[in-house]
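All remarks here apply to the structure that follows.
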There are 2 protein chains.
Amino acid sequence: MTARTSTESARDIPEATVARLPVYLRALTTLSEAGTGTCSSEALAAAAGVNSAKLRKDLSYLGSYGTRGVGYDVDYLRYQIAREIGVTQDWPVVIVGIGNLGHALANYSGFRSRGFRTVALLDADPARHGEMVAGIQVRPFVDLESIVAEHGVAIGVIATPAVAAQAVADRMVACGITSILNFAAGVLSVPAGVDVRKVDLSVELQVLAYHEQRKAQGELA
Amino acid sequence: MTARTSTESARDIPEATVARLPVYLRALTTLSEAGTGTCSSEALAAAAGVNSAKLRKDLSYLGSYGTRGVGYDVDYLRYQIAREIGVTQDWPVVIVGIGNLGHALANYSGFRSRGFRTVALLDADPARHGEMVAGIQVRPFVDLESIVAEHGVAIGVIATPAVAAQAVADRMVACGITSILNFAAGVLSVPAGVDVRKVDLSVELQVLAYHEQRKAQGELA
DNA sequence: TCCGTTTTGTTCTCCCGTTCACAAACTCCT
DNA sequence: AGGAGTTTGTGAACGGGAGAACAAAACGGA
Ligand SMILES: NC(=O)c1ccc[n+]([C@@H]2O[C@H](COP(=O)([O-])OP(=O)(O)OC[C@H]3O[C@@H](n4cnc5c(N)ncnc54)[C@H](O)[C@@H]3O)[C@@H](O)[C@H]2O)c1
Ligand SMILES: NC(=O)c1ccc[n+]([C@@H]2O[C@H](COP(=O)([O-])OP(=O)(O)OC[C@H]3O[C@@H](n4cnc5c(N)ncnc54)[C@H](O)[C@@H]3O)[C@@H](O)[C@H]2O)c1
């Protein structure tokens, strides 16, 4: 899914680790807000819900930011992880499809607080244009190109119905967006060099249902 | 995360495969609606966005539902996968926390169409009680026990702020819910035998940001 | 009936990720 | 200064999943 180009840069962090770094980051933020200055890998692992050995190995890919016999300085480690992920900088984001889900996303404060700034809300339906959502005006989808160019947007979010998703993705890619978060069902096809992450709620529920069914079967055995 | 009890039932399907079965199911539904009666592993794999060898191996865990030299009967395979996942039966679901996200989830048609029936929308805020969302009345959170008992609910969805999530989960577990889909940030701790799946949008965006940052670094090298 | 073609089901190998276990490194106390 | 106690960082073993490759099976045509 994630097509990487020629030169793999210096430190190569495993994909599984990358997916956990944001979790560590959040745990560290919580600890920091609670006034904790230092924490052990054991404590941080508990806060993040992972095995402590895994945590230490993950952190070792970034460098040696801990002190043996002591632990990690919470704020220092937090900064190092934030820098590695890239959330110390500001990421402009556009959201396309301001329906039920789009409204929720636009109102979600968790994006802004992590360096993601919603610069535009776009929708194809003229009836929605001009509506204010979370202090931002909904604009026509055709404005995509100019907005992306103006703000240097690299990340796009798709919250349209499934039938429109591929067309939206194509337009996004055409005007230079290289990372897409897709909430619509179905498979998006994009050129190499563009990253797509998909969030599919019905898949999550179906996985739960599978295990639930198994539990029920086990009971009557 | 998924704690399984004593007797692993007859066929043991790998977790990675379980997570892909819903994707195959959707692809098969699309093919069926397009009037396709039979398809090869190659075609289905393309529709699902996976490698055809992986698809065949996944399906082999369920049994031999294909015909060599021909392919798979779309409707037959669809039924078999649906049965295996458990979406041929009806799953009552409660959603707790009817804010921005809760509204979107309640209005989402993709749940109902896959066998998940929202039987209740619960919120702790009295100001929300009585509001109609997607044809269902929002009720007080304290009604959880009676609703779960009445409908035999096994699956709960948490869309409350993070601070309330653990308390909500505890209450859910106490009244018999054994599968939880959690949208709130942070780690939920639940007893063995309860499955939790977490959807964390800011993690997804941060993973994209990481790769985006890498692409940018690569360019100026 | 037999042969060529197509496509599945499965085996085998490789790679990634997880976990264990321990030496190295640091602090604190005597 | 030295030793006891802690905790990190990492080497190594292990397990599971991904993909290649192929044998087995079904079909169609002659
Ligand atoms: N609501 C949920 O909780 C939920 C959950 C999971 C997945 N999803 C998926 O997310 C997507 C959006 O869901 P929703 O409930 O918000 O749907 P919705 O119908 O409420 O909103 C879709 C919005 O997209 C706009 N749109 C349609 N075509 C467009 C185009 N070509 N360009 C720009 N905008 C366009 C529509 O005008 C509408 O405002 C769907 O694909 C849905 O399957 C939703
Ligand atoms: N909005 C999004 O797009 C989005 C995205 C990702 C994650 N989230 C997460 O999902 C959760 C909900 O987000 P939201 O935007 O809908 O928030 P929200 O504040 O709009 O809604 C939260 C709702 O939960 C209710 N609530 C609070 N405490 C409760 C309790 N103890 N029991 C029952 N109900 C309770 C509140 O009354 C409110 O209606 C948050 O944890 C948020 O971080 C939201």
Side-chain angles (χ1 to χ4, degrees), chain A residues 1-4 8 11-24 27-28 31 36-74 76-78 80-81 84 207 210, chain B residues 1-4 8 11-24 27-28 31 36-74 76-78 80-81 84 203 207 210-211:
Chain A
M1 176 176 283
T2 299
R4 196 115 326 286
E8 212 66 33
R11 274 196 300 263
D12 196 28
I13 301 182
E15 200 52 38
T17 297
V18 171
R20 281 188 296 267
L21 290 180
V23 179
Y24 303 154
L28 285 166
L31 286 173
T36 312
T38 296
C39 73
S40 68
S41 64
E42 205 70 48
L44 181 53
V50 301
N51 185 300
S52 73
K54 181 151 50 177
L55 169 74
R56 288 199 299 277
K57 175 146 284 211
D58 283 342
L59 294 185
S60 76
Y61 290 113
L62 311 189
S64 289
Y65 296 133
T67 307
R68 296 174 194 223
V70 178
Y72 301 92
D73 181 289
V74 171
Y76 180 60
L77 181 59
R78 184 158 69 116
Q80 293 299 339
I81 294 179
E84 191 70 40
V207 171
Y210 169 81
Chain B
M1 177 175 283
T2 299
R4 194 113 326 287
E8 212 66 28
R11 273 196 300 262
D12 195 27
I13 301 181
E15 201 51 39
T17 297
V18 171
R20 281 189 294 267
L21 291 179
V23 179
Y24 302 154
L28 285 166
L31 286 173
T36 311
T38 295
C39 74
S40 68
S41 64
E42 205 71 46
L44 181 53
V50 300
N51 184 298
S52 72
K54 181 151 56 179
L55 169 73
R56 288 199 298 278
K57 183 180 276 202
D58 283 341
L59 294 184
S60 76
Y61 291 114
L62 311 189
S64 288
Y65 296 132
T67 308
R68 298 175 192 223
V70 178
Y72 301 92
D73 181 290
V74 171
Y76 180 60
L77 181 59
R78 183 158 71 116
Q80 293 299 340
I81 294 180
E84 190 71 40
V203 168
V207 172
Y210 170 80
H211 290 303

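The shown structure was predicted, so the numbers you read here are calculated from the model rather than taken from an experiment. Convention: sequence-line order gives letters A, B, ...; per-chain numbering from 1.
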Covered region of DNA chain D, 5' end to 3' end, by chain A [heavy atoms, under 4.0 Å]: dT6(D) to dA12(D)
Listed partners of R78(A) passing salt bridge (Lys or Arg N to Asp or Glu O under 4.0 Å), at least two apart: D75(A)
Y61(B) OH - dT10(C) C1' separation (whole Å): 10 Å
K57(A) NZ - dC20(C) P separation (whole Å): 13 Å
Contact summary for P14(A) and Y61(A), nearest pair of heavy atoms: CG-CZ, 3.6 Å
Sugar-phosphate or base contact per nucleotide [nucleotides 21-30 of chain C; S, B, -; heavy atom under 4.0 Å]: B--BBBS---
Contact summary for V207(B) and A19(A), nearest pair of heavy atoms: CG2-CA, 3.9 Å
Atom of Y210(A), atom of E84(B) and distance for their closest heavy-atom approach: CD1-O, 3.3 Å
Within residues 37-46 of chain A: residues closer than 4.0 Å to DNA chain D (heavy atoms): S40(A), S41(A)
Nucleotide dT8(C), atom C1' - distance to CG of D58(B) in whole Å: 14 Å
Single hit among T17(B), L44(B), V23(B) for side chain to side chain contact (heavy atoms under 4.5 Å, CB included) with L55(B): L44(B)
All side-chain hydrogen bond (donor to acceptor under 3.5 Å, both in side chains) counterparts of S40(A), not counting sequence neighbours: none
Integer-rounded Å distance: dC15(C) C1' and K54(B) NZ: 13 Å
Working for side chain to side chain contact (heavy atoms under 4.5 Å, CB included), residues L59(B) and L77(B): CA-CA 9 Å; L59(B) 294 184; L77(B) 181 59; 3.9 Å; yes
Separation of dT7(C) P from Y72(B) OH (nearest whole Å): 12 Å
Minimum heavy-atom distance between V74(A) and L28(A), given as atom pair plus value: CG1-O, 3.5 Å
Shortest non-hydrogen contact between I13(B) and V18(B), atoms and distance: CG2-CG2, 3.7 Å
Atom pairs and distances, side-chain donor-acceptor, residues 47-54 of chain B, under 3.5 Å, sequence neighbours left out:
residue : atom : partner : partner atom : Å
N51(B)  : OD1  : A53(B)  : N            : 2.7
S52(B)  : OG   : E42(B)  : OE1          : 3.4

Atom pair OG (S60(A)) and OH (Y65(A)), whose distance is rounded to the nearest 0.5 Å: 11.5 Å
